[in-house]
Amino acid sequence: MAEIDPQLVPVLPRTAAATAAGHLTLGGCDAVDLAAEFGTPLYVFDDEEIRATCRAYRQAFASRYENSEVVYASKAYLGRWLAALMDEEGMGLDVVSGGELAVAHSVGFPLERVLFHGNNKSEQELREAVEADIGRIVIDNFLELSTLERVAAEAGRTQRVLVRVSPNVDAHTHVKTTTGVRDTKFGFAIDGGDAEEAVRLAMNSPHLELMGLHCHLGSPIYDVEPYVLANEVMIAFAKEMSDRHGLELREYSPGGGFAMQYVRDRPAPAPDDYAEAVVGSLRKALDSEGLPEPRLTVEPGRSIIARAGVALYTVGARKAMPGVRTYVSVDGGMADNIRPAMYDAAYEAIAANRLGDAPKETVTIAGKYCESGDVLVRDVELPRLAAGDLLALPGSGAYCLSMASNYNHAPRPAVVLVRDGEATLVRRRETYADMMRTDVWED
Ligand SMILES: *Cc1c(COP(=O)(O)O)cnc(C)c1O
């Protein structure tokens with residue numbers, strides 16, 4: 001009887017199961033049928049998994065700290081369907097560009113629940129955000145502060161803002177995804193006085209309403225300790241600003257970055273573990289500084305969507321180099337998932353049409369794009385795969401499609417949403433014509 005390797009259960013959507021024939025099913029849909037109907041590479045998202053995770057995070061924080069809001073960081077992945085789902089689940093939405101804001105806008109997402117981040121927002125983007133009357137703009141730098149003031153003045157609005165502070169806390173994650181340290185392009189540093197100056201300017205501006213402070217440490221953070229340290233630093237800073245400038249900390253965000261279990265031997269804390277650490281240390285810091293409780297905003301992206309997404313690839317060529325390694329190539333790779341090439345991200349791989357077959361060999365799963373670094377998974381144990389087999393990469397919901405490119409003029413994959421045995425195409429595969437649509441040269 002075929003079954004899912006119990007060690008892989010935590011990295012797959014909770015609806016994942018095996019058929020008697022050894023096929024992987026997701027949301028009650030057979031992965032082999034999905035691949036046949038929609039082609040590969042195919043990104044499958046599990047509706048139940050996304051909703052259950054949103055609820056788990058909201059419950060974890062709200063049960064400990066009533067005045068809290070869970071905001072989905074949409075740069076992890078965004079489609080119109082997902083923005084609508086987040087609204088249904090009562091989540092807020094982080095955007096980092098006018099494009100993401102436009103997606104939220106297009107489905108009528110309540111814009112008061114939107115936060116706008118980014119270290120170099122353009123004047124045009126700021127104008128779009130102010131005119132859309134979005135909830136908060138998180139100010140990252142002095143140019144943005146002065147531009148936003150002018151834009152808000154021109155629009156005759158008072159824009160609610162947070163100031164992004166770099167708390168100089170190392171989250172011990174990959175250097176390319178660490179953001180809260182001294183050497184970072186994000187936010188205002190505390191030492192040297194930039195953060196204080198930003199607070200002072202924002203408080204004194206008639207067109208800005210300073211709601212509070214924000215930080216984000218990086219991602220993925222497998223340990224709760226960095227949040228505890230950041231809360232201490234940030235609340236101490238808030239107290240200083242309260243003493244010196246009369247800052248009222250009405251809102252505080254320690255950002256996102258909660259981890260997700262990608263591989264069998266690296267579990268991640270649960271939503272309750274993060275909530276316990278964040279809320280506990282926040283209360284303690286507020287208590288010791290004598291500050292009232294602000295609204296708490298957390299911004300998980302990856303941990304909301306990564307597990308819900310499974311990428312399906314068709315196996316093609318294999319190349320065995322005795323004593324070196326065996327490459328098994330698939331029909332996707334770095335164009336749809338740059339994470340292994342960019343920051344050595346690790347994934348599991350599953351023979352989705354052969355769950356009953358025991359592992360036979362250790363192989364490296366290579367992508368089809370023209371870079372030696374285009375490798376999806378190194379040294380994974382699998383049955384002996386042949387051309388036409390179906391390979392699933394679990395944990396592909398975050399930062400894969402949102403970073404996808406047309407490298408090698410690869411059409412970006414289709415996306416299906418599965419639930420209760422039904423699959424809905426939410427994004428069709430790109431065509432060659434799609435890719436040439438913006439090429440306006442005329443012959
Ligand atoms: C990217 C980002 C997040 C989300 O990070 P995840 O690792 O996806 O949870 C949250 N807040 C800010 C400001 C970010 O830039």
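In each ligand, atom 1 is the first atom listed, and ligand 1 is the first ligand listed.
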Participant: For ligand 1, note which part of Pro300 has a heavy atom under 4.0 Å away: side chain, backbone, both or neither.
Facilitator: backbone
Participant: Is it the case that the side chain of Asn406 and the backbone of His409 share a donor-acceptor pair, with hydrogens and angles ignored and the cut-off at 3.5 Å?
Facilitator: no
Participant: So is Tyr399 close enough to ligand 1, meaning a heavy atom under 4.0 angstrom away?
Facilitator: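 Checking ligand 1 against Tyr399, which is what was asked, there is a heavy-atom contact under 4.0 Å.
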Participant: Is the distance between the ring centroids of Tyr57 and Tyr274 under 6.0 Å?
Facilitator: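 Distance test on ring centres: not under 6.0 Å, no.
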Participant: With a distance cut-off below 6.0 Å to the six-membered ring centre and an angular limit of 45° from the axis, does Arg266 pair with Tyr222 as a cation-pi contact?
Facilitator: yes
Participant: Which residues pass the ring pair (Phe, Tyr, Trp, His ring centres under 6.0 Å) test with Phe188, not counting sequence neighbours?
Facilitator: Phe142
Participant: Which word best sums up how the rings of His214 and His117 line up, parallel for under 30°, tilted for 30 to 60°, or perpendicular for over 60°?
Facilitator: tilted
Participant: Would Ser303 count as a contact of ligand 1 if the rule is a heavy atom under 4.0 Å away?
Facilitator: no
Participant: Closer than 4.0 Å to some heavy atom of Arg164 - which atoms of ligand 1 meet that?
Facilitator: 13 (C)
Participant: Go through it in stages, so that I can follow the logic: the residues are Tyr72 and Tyr77, the test is ring pair (Phe, Tyr, Trp, His ring centres under 6.0 Å), and I'd like the CA-CA distance, side-chain angles, deciding distance and then a yes or no.
Facilitator: CA-CA 10 Å; Tyr72 171 62; Tyr77 178 58; 8.6 Å; no
Participant: Is there any salt bridge (Lys or Arg N to Asp or Glu O under 4.0 Å) pair reaching into residues 203-220, and which pairs are they, with sequence neighbours excluded?
Facilitator: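 Found Arg160-Glu209, Glu209-Arg250.
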Participant: Can you tell which part of His216 has a heavy atom less than 4.0 Å from ligand 1: side chain, backbone, both or neither?
Facilitator: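 Just the side chain.
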Participant: Looking only at N/O atoms, are Glu299 and ligand 1 under 3.5 Å apart anywhere?
Facilitator: yes
Participant: If you count the atoms of ligand 1 from 1 in the order shown, which ones are under 4.0 Å from a heavy atom of His117?
Facilitator: 13 (C)
Participant: With nothing but distance in play, are any N or O atoms of His214 less than 3.5 Å from an N or O of ligand 1?
Facilitator: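 Between His214 and ligand 1, no N or O pair is found under 3.5 Å apart.
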Participant: Heavy-atom contact check, 4.0 Å cutoff: does Gly257 meet ligand 1?
Facilitator: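 Yes, Gly257 has heavy atoms under 4.0 Å from ligand 1.
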Participant: Counting only heavy atoms closer than 4.0 Å, does ligand 1 sit against the backbone of Asp94, its side chain, both, or neither?
Facilitator: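 Looking at Asp94 and ligand 1, just side chain atoms fall under 4.0 Å.
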Participant: What residue and heavy atom of the protein are closest to atom 7 (O) of ligand 1, and at what distance?
Facilitator: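 So the nearest neighbour among protein heavy atoms is Ser219 OG, 2.3 Å.
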Participant: Is there a polar contact between ligand 1 and Gly301, counting only N or O atoms under 3.5 Å apart?
Facilitator: yes
Participant: Hydrogens and angles aside, do Glu123 and Thr147 bring a side-chain donor and acceptor to less than 3.5 Å of each other?
Facilitator: no
Participant: Consider every N or O of Lys75 and every N or O of ligand 1, then say whether any pair is closer than 3.5 Å.
Facilitator: yes
